[in-house]
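Working notes, beginning with the structure itself.
Numbers restart at 1 for each chain; the letters A, B, ... are given by sequence-line order, proteins then strands. Note that these values count all heavy atoms, side chains included, but never hydrogens, waters or copies made by symmetry.
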Amino acid sequence: MINITFPDGAVRQFEAGVSALDIAKSISEGLARKVLAASVNGEVWDATRPIYTDTSLKLLTWDDTDGKSTFWHSSAHLMAEAVESLFPGVKFWVGPAIDKGFYYDMDLGDRKLTEEDLAALEKKMNELAKQNNAYVRKEMPKAEAVKYFEEKGDEYKLDLLQNLQDGSITFYTQGHFTDLCRGPHIPGTGAIKAIKLTSIAGAYWKGDEKNKQLTRIYGVTFPNQKELDEYLAMLEEAKKRDHRKLGKELGIFTMDDDIGQGLPLWMPNGTVIIEELEKLAKETEEEAGYKRVVTPHIAKENLYLTSGHLPYYADSMFPPMELDNTKYYLKAMNCPHHHKIFSAEPKSYKDLPLRLAEYGTCYRYEQSGELFGLMRVRCLHMNDAHIYCTKEQFAQEFRAVNDMYLKYFKIFGIDKYVMRLSLHDPAKLGQKYINEPELWLQTEQMVREVLIETGTPFVEVAGEGAFYGPKIDVQIWSVIGREFTLATNQVDFAQGRRFNLEYTTSDNGTDVPLIIHRAPLGTHERFIGFLLEQYAGKFPVWLSPLQVKILPISDKFMGYAEEVKQALRKAKVRVDIDDRNEKIGKKIREAELSRVPYMLVIGEKEMNDRALSVRRQGKGDAGTVSLEAFVSQIKEEIEERRATQD
RNA sequence: GCCGCUUUAGCUCAGCUGGUAGAGCAACUGAUUUGUAAUCAGUAGGUCGUUGGUUCGAUUCCGACAAGCGGCUCCA
């Protein structure tokens, strides 16, 4: 007999060789039907795998993350079985569960998959699922496994085997499909009740673009149809919040073939948002002791040779223009320009820290396939600044930058974020990273210490640093689940020396400043793209392109409406009148759809009382107030940059 | 850049197997003077992404290119 300890601390005895599924059955049939896998001493196992020793056990169901991913991994195998039955000769690479669903990479030879193939595969998967075939685990010596795949001529699985230890080779079979797999899997295919194959994509073998491109099929499955329907409905909802769709609907930005790929045109409404953001940044930076500068959009080749950017990033810069035997590049970053401002005048330690800020326009030749709405563009406006400081000042400056990030996050209601400390990869020193092994370690440690000291939550990622130093990327998630780097904060120990930046120390020596590159609001493009999705186009009043729309009941009240407009305009409120000859219902509908935060309905009563009937976007009629009260109230809301619509 | 898909009026979308296109909304004109999410009527609007080819004839079939979308790779 063995002792099984349950999550609630209860201990029960079972025969050695009992499986988690047997245990579930001993509790209730209903539970047994729901069990997908089991956590056995913290390791996820097949629910059907026999247990021979005392263990702590947690039964995993659809409600557990590990239960879900086991379910999806098994779904990937089910899909592979369907693919193999429809397209014999296919060779498989790997098929993991992902955040939402699963995929499987495969080599289909010359065959191209179409949407119809996906439908056929779904059908086949449903058939196979109904057979409720068990997922059967089998251990095998490595030599035998190698032989099996050699006979099959499967170079992909042989490649996988190379990295596996003998004795750890396991296979799983369900129905007519057998796959090299470490598992675990759900008990049987019958649990998979709702299947949706979502897309076909190319994916480089081992993620390396020099390798062959395999076919990847993405899918998602659920234990019942209802959850699939809900998931699909959620995707539809997310589409409505997509910044590309909202950006068009709300007149924020547009793209045009004649301008070029990845080069957004900011329309009047978008420009209002840009200017409000810049105003915020300028105020914030001024308070924090930054000085503003302005630099040209182009510079000579030599500047980027000095900075060290060219050898690393020439491919991502627009090709140079040649004039008078000199090459000029469009700037892809502002730092070298700022360094030149630093060195234009001699500096002493008394000048430090020097903080130079600019909303700099940069151009990056991103590969065409990478472009994505406003999130990835070729012309961008960076909330950039460079802080030149001594080593002693570093921690404090770095902390101040951190605080600025947090201040902004609060204003915009960003509560889900992760600071990602990106380090260098020692193997790539001299290629991807400046060859200064000592300085790398030293600087990384400095940054790490500040993060720990300030209690900032962070994760470390190797091999993601900038070429001149470690960086902190702020990862955020838009409400529709898209993850990206919003802002970046980098330490640079290399460029100071490359540009011969110096300052006179208090003992009349010279030293090279450390440089902090920071961009808490990222770029206008990405930030506004994010905000569009975050707010679903319903911007807080201070950011809203149009803040108030006056809706007269009929043109009899135009005189008073005009008076209201002038009063608001005088208070610096962005206001407009819907003077069309339309019924009030239609004016309200269209104002609501345009996401204007305040609608003021004006008719006979309001005119006589010098009042306004206020309607809040998305919230309906908010009652009647006097003109004076409304003006002072909205003015306050704007000045405070109030985050939420109350 | 690579793989796959898509491209018809300002927007959203119809258009069977080739015979040069249609709806709703928007726009414009007129009537209506309206009380909290669409008043009615009329008018105008498209070299069917661009460009080659097949054909008596191409929005429709084939190719190239461009842009967009979903991924991969990349992201200072």
Remember a base hit wins even if backbone is also touched, and classify [X] as base, sugar-phosphate or nothing at under 4.0 Å, heavy atoms.
X	value
A:Phe467	nothing
A:Gly585	sugar-phosphate
A:Tyr103	nothing
A:Tyr218	sugar-phosphate
A:Ser368	base
A:Ala201	base
A:Phe372	sugar-phosphate
A:Arg216	sugar-phosphate
A:Gln490	sugar-phosphate
A:Lys605	base
A:Asp621	base
A:Gly207	sugar-phosphate

Of the listed nucleotides [options], the one nearest the side chain of [X]:
X	options	value
A:Gln367	B:U39, B:U73, B:U36	B:U73
A:Asp257	B:A67, B:U36, B:C75	B:A67
A:Gln213	B:U33, B:C72, B:C75	B:C72
A:Glu604	B:C74, B:G35, B:G70	B:G35
A:Glu370	B:U33, B:C72, B:C75	B:C72
A:Arg615	B:U36, B:C75, B:U33	B:U36
A:Ser613	B:G35, B:U73, B:A76	B:G35

Separation of the [atom1] atoms in [N] and [M], to the nearest angstrom:
N	M	atom1	result
B:U47	B:A31	C1'	37 Å
B:U50	B:U33	C1'	50 Å
B:U43	B:G49	P	28 Å
B:A38	B:A21	P	36 Å
B:G35	B:U20	P	49 Å
B:C2	B:U60	C1'	30 Å

At under 4.0 Å, does any side-chain N or O of [X] touch on OP1 or OP2 of [N]?
X	N	answer
A:Lys586	B:A26	yes
A:Lys471	B:A76	yes
A:Arg244	B:C69	yes
A:Gln261	B:G68	yes

Margin query: Distance check, rounded to the nearest 0.5 Å: A:Arg216 atom CZ versus A:Ile200 atom CD1?
Written below: 13.5 Å
Next item on the list: Supply the atom-to-atom distance A:Leu197 CG to A:Met79 CE, rounded to the nearest 0.5 angstrom.
Entry: 6.0 Å
Would you state whether a donor and an acceptor, one from the side chain of [X] and one from the base of [N], lie under 3.5 Å apart?
X	N	value
A:Glu606	B:G35	yes
A:Arg376	B:C74	yes
A:Tyr365	B:G1	no
A:Glu209	B:C72	no

Partner nucleotide of [N] by Watson-Crick or wobble geometry (both distances under 3.5 Å):
N	answer
B:C61	B:G53
B:U7	B:A66
B:G22	B:C13
B:C2	B:G71
B:U29	B:A41

Ring centers of [X], [Y] separated by less than 6.0 Å:
X	Y	value
A:Tyr598	A:Phe630	yes
A:Tyr388	A:His338	no
A:Tyr405	A:Tyr417	no

So, are [X] and [Y] salt-bridged, with charged N and O less than 4.0 Å apart?
X	Y	result
A:Lys556	A:Glu604	no
A:Lys549	A:Glu590	no
A:Glu155	A:Lys212	no

Checklist line | Residue met sooner reading RNA chain B from 5', once A:Gly373 and A:Ile553 are mapped to nucleotides | finding: A:Ile553
